[in-house]
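Structure, as structure tokens:
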2 protein chains.
Amino acid sequence: MIENDNSVNIENEKGRYHHGDLRAALISEGLRLLAIGDVEQLSLRQIARNVGVSPTAVYRHFPDKQALLTALAMEGGAQLARRQKKAQTAAGGGRAGFDETGRVYVRFALENPALFRLMTAKSRVGTETCPGEERGGLGLLRRNIAALAAPGTSEEAQRVGFVRSWAMVHGLAMLMLDGQVPADESLIDRVVDTAFVAGPA
Amino acid sequence: MIENDNSVNIENEKGRYHHGDLRAALISEGLRLLAIGDVEQLSLRQIARNVGVSPTAVYRHFPDKQALLTALAMEGGAQLARRQKKAQTAAGGGRAGFDETGRVYVRFALENPALFRLMTAKSRVGTETCPGEERGGLGLLRRNIAALAAPGTSEEAQRVGFVRSWAMVHGLAMLMLDGQVPADESLIDRVVDTAFVAGPA
DNA sequence: TCGAATATGTTTACAGTGAAAACATGATCG
DNA sequence: CGATCATGTTTTCACTGTAAACATATTCGA
């Protein structure tokens, strides 16, 4: 997902002018810094410094800082979607599998606070323009809603269920991230329960 | 809520050295800027400039920028709680009143995006240390949960309901703010529905 | 009432940021 | 081999938060 093979990718000979795959290195270092600090102390210059390149070199690969952040966010989105799919099949699919995707959403947020915040941080021009959406976590959610809805459930009711489910886990993740609700695993299990989002007709 | 009568509060004679009530003026201007821009472009210097004071004057009233932001957030929290209480009684209390507090939560977020983001932005050392919490929106929510729960509902189940309700509206607010779900009034009405958070035992 | 202490401002300075402009280097391909 | 172009660097700018030293007003005790 990171490798873009946009360059020769020579092995690590130090002191050379061209980096080899600077774009991938920037993303990788950005993710590393996000894992150990929060997003507002993540600076373009710091990333460049750690990669061993001048600050403005970044602009050869990203039009501005926001574009780099967006790239980091997309990487995070892909990771989350992978985990959710794996968890769903591991739980045997169905209703239990669906619940598990929601819990993975919250756990992912707790394990990657800064990255998760970045992933859901407005800036993105619009989710629908995000490539691979229907194959990502949101597509998974939509298909799960459709599969688990009572037969004959209207398109509109499914849409409401979709938003409700997403809002539930997203809100829980945010409240726990912000320390307004204890980040308690058993609380996640109890709060994320399909019975409440599917609910009555 | 803003006036702190910590000074003489002389009427607007221009050109005087002391401001009169700089603290209140900073908060007021901060809220104004939050209403017309987003939070990451809200600078301490800008606020000071607009109030007509030097950048470092701010530090006589707040230890750092974060403290000023916290003050803004608390002002927002008070506003939200007031609106919720009014809406609840306007709706005649009960289940309908409870639902309405949730919808007000989301609408407040949509009407004051930057302020709402600030209000729920981690930094705060902890909600329980926030003075007046039990009298604010969270206390209101807790009491509503207790009042509307089926008789004999355990303390723990109430707590889960509390978190679930909060997470629901908070998540919906966030997703709409981030443009990941259309900020549609009728969608709010359908998604925020007590039946789903109170649900089965 | 007057002078000292204190609260509240200002000026200056510094390190850090994102970004634009001009320049340097090296890879690629005719 | 030499021109072209992608990819770096250096320099520069405006802006940020904030520390330190200084200035002015207000307040309060003698």
Side-chain angles (χ1 to χ4, degrees), chain A residues 3-30 33-34 37-72 114 118 121 123, chain B residues 3-30 33-34 37-72 114 118 121 123:
Chain A
E3 267 68 39
N4 285 58
D5 65 13
N6 55 348
S7 192
V8 213
N9 214 337
I10 309 170
E11 283 310 313
N12 42 1
E13 296 205 24
K14 286 296 177 191
R16 66 192 185 287
Y17 194 89
H18 283 60
H19 182 279
D21 195 352
L22 182 53
R23 184 189 155 90
L26 291 172
I27 291 181
S28 169
E29 177 63 17
L33 289 178
L34 276 184
D38 51 354
V39 61
E40 55 263 9
Q41 71 187 20
L42 175 73
S43 87
L44 204 152
R45 295 175 98 106
Q46 164 89 308
I47 297 178
R49 217 177 297 135
N50 291 5
V51 167
V53 97
S54 79
T56 51
V58 178
Y59 292 90
R60 295 295 163 187
H61 299 272
F62 301 96
D64 55 8
K65 183 187 184 184
Q66 186 51 58
L68 171 52
L69 294 185
T70 300
L72 295 178
L118 190 61
S123 66
Chain B
E3 266 68 38
N4 286 57
D5 65 11
N6 55 350
S7 191
V8 213
N9 214 337
I10 309 168
E11 283 310 313
N12 43 1
E13 297 205 22
K14 284 297 175 189
R16 67 192 185 286
Y17 194 88
H18 283 60
H19 182 278
D21 195 352
L22 181 53
R23 184 189 154 89
L26 291 172
I27 291 182
S28 169
E29 177 63 16
L33 288 178
L34 275 185
D38 50 356
V39 62
E40 56 262 9
Q41 74 187 19
L42 174 72
S43 87
L44 203 153
R45 295 177 100 106
Q46 165 88 308
I47 297 179
R49 217 177 297 137
N50 291 5
V51 168
V53 98
S54 78
T56 51
V58 179
Y59 291 88
R60 295 297 162 186
H61 299 273
F62 302 96
D64 55 8
K65 182 187 184 183
Q66 186 51 57
L68 171 53
L69 294 185
T70 300
L72 296 178
L118 190 60
S123 66

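Proteins come first, then strands; the chains are lettered A, B, ... in the order of their sequence lines, and each starts at number 1.
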> Between B/Y59 (OH) and C/dG9 (C1'), how many Å, whole number?
Replying inline: 15 Å

>> Stem finding on DNA chain D, please: runs of three or more consecutive Watson-Crick or G-U wobble pairs, both distances under 3.5 Å, sorted by first number.
In response: C:1-30 with D:1-30

> Which of these nucleotides, C/dT10, C/dG9, D/dG8, is closest to any side-chain atom of B/R60?
Replying inline: C/dG9

> Looking only at heavy atoms, what is the nearest atom pair of B/F62 and B/A71, with distance?
Replying inline: CE2-CB, 3.8 Å

>> Tell me the closest heavy-atom pair linking B/L34 and B/V39, and the distance in Å.
In response: CD2-CA, 4.0 Å

>> From CG of A/L22 over to C1' of C/dA27, roughly how many Å is that when rounded to an integer?
In response: 16 Å

> Does A/H61 place a side-chain N or O at less than 4.0 Å from the phosphate oxygens OP1/OP2 of D/dA6?
Replying inline: no

>> Checking side-chain contact (heavy atoms from CB on, under 4.5 Å) between A/L26 and each of A/N50, A/L44, A/V58, which is the one that passes?
In response: A/V58

> Atom CZ of B/R23 to atom P of C/dA7: distance rounded to whole Å?
Replying inline: 16 Å

> Atom CG of A/D21 and atom NE2 of A/H61: how far apart are they, to the nearest 0.5 Å?
Replying inline: 8.0 Å

> Of the non-hydrogen atoms in B/A48 and B/S54, which two are nearest, and what is the gap between them?
Replying inline: CB-O, 3.8 Å

> What is the distance from atom CG of B/L42 to atom CG of B/L118, rounded to the nearest 0.5 Å?
Replying inline: 8.0 Å

> OG1/B/T70 to NZ/B/K65 distance, rounded to the nearest 0.5 angstrom?
Replying inline: 11.5 Å

> Do B/T56 side-chain and C/dT12 base share a donor-acceptor contact under 3.5 Å?
Replying inline: no

> What pair of heavy atoms forms the shortest contact from B/G37 to B/A114, and how long is it?
Replying inline: O-CB, 3.3 Å

> What's the CG-C1' distance between A/L68 and C/dA19, to the nearest Å?
Replying inline: 14 Å

>> Rounded to whole Å, please give me the gap between NZ in B/K65 and C1' in D/dA19.
In response: 17 Å

> Atom CG of A/L69 and atom P of C/dT17: how far apart are they, to the nearest Å?
Replying inline: 14 Å

> If you round to the nearest 0.5 Å, how far is CG of A/L72 from CG of A/L33?
Replying inline: 9.5 Å

>> Once you apply a heavy-atom cut-off of 4.0 Å, does B/V58 come out as touching a base, just sugar-phosphate, or nothing?
In response: nothing

> Rounded to the Å, how far apart are A/L33 CG and C/dT17 P?
Replying inline: 11 Å

>> For DNA chain D, which residues of residues 39-49 of chain B approach it to below 4.0 angstrom with any heavy atom?
In response: B/S43, B/L44, B/R45, B/R49

> In whole Å, what is the span from the CG atom of A/D21 to the P atom of D/dA6?
Replying inline: 17 Å

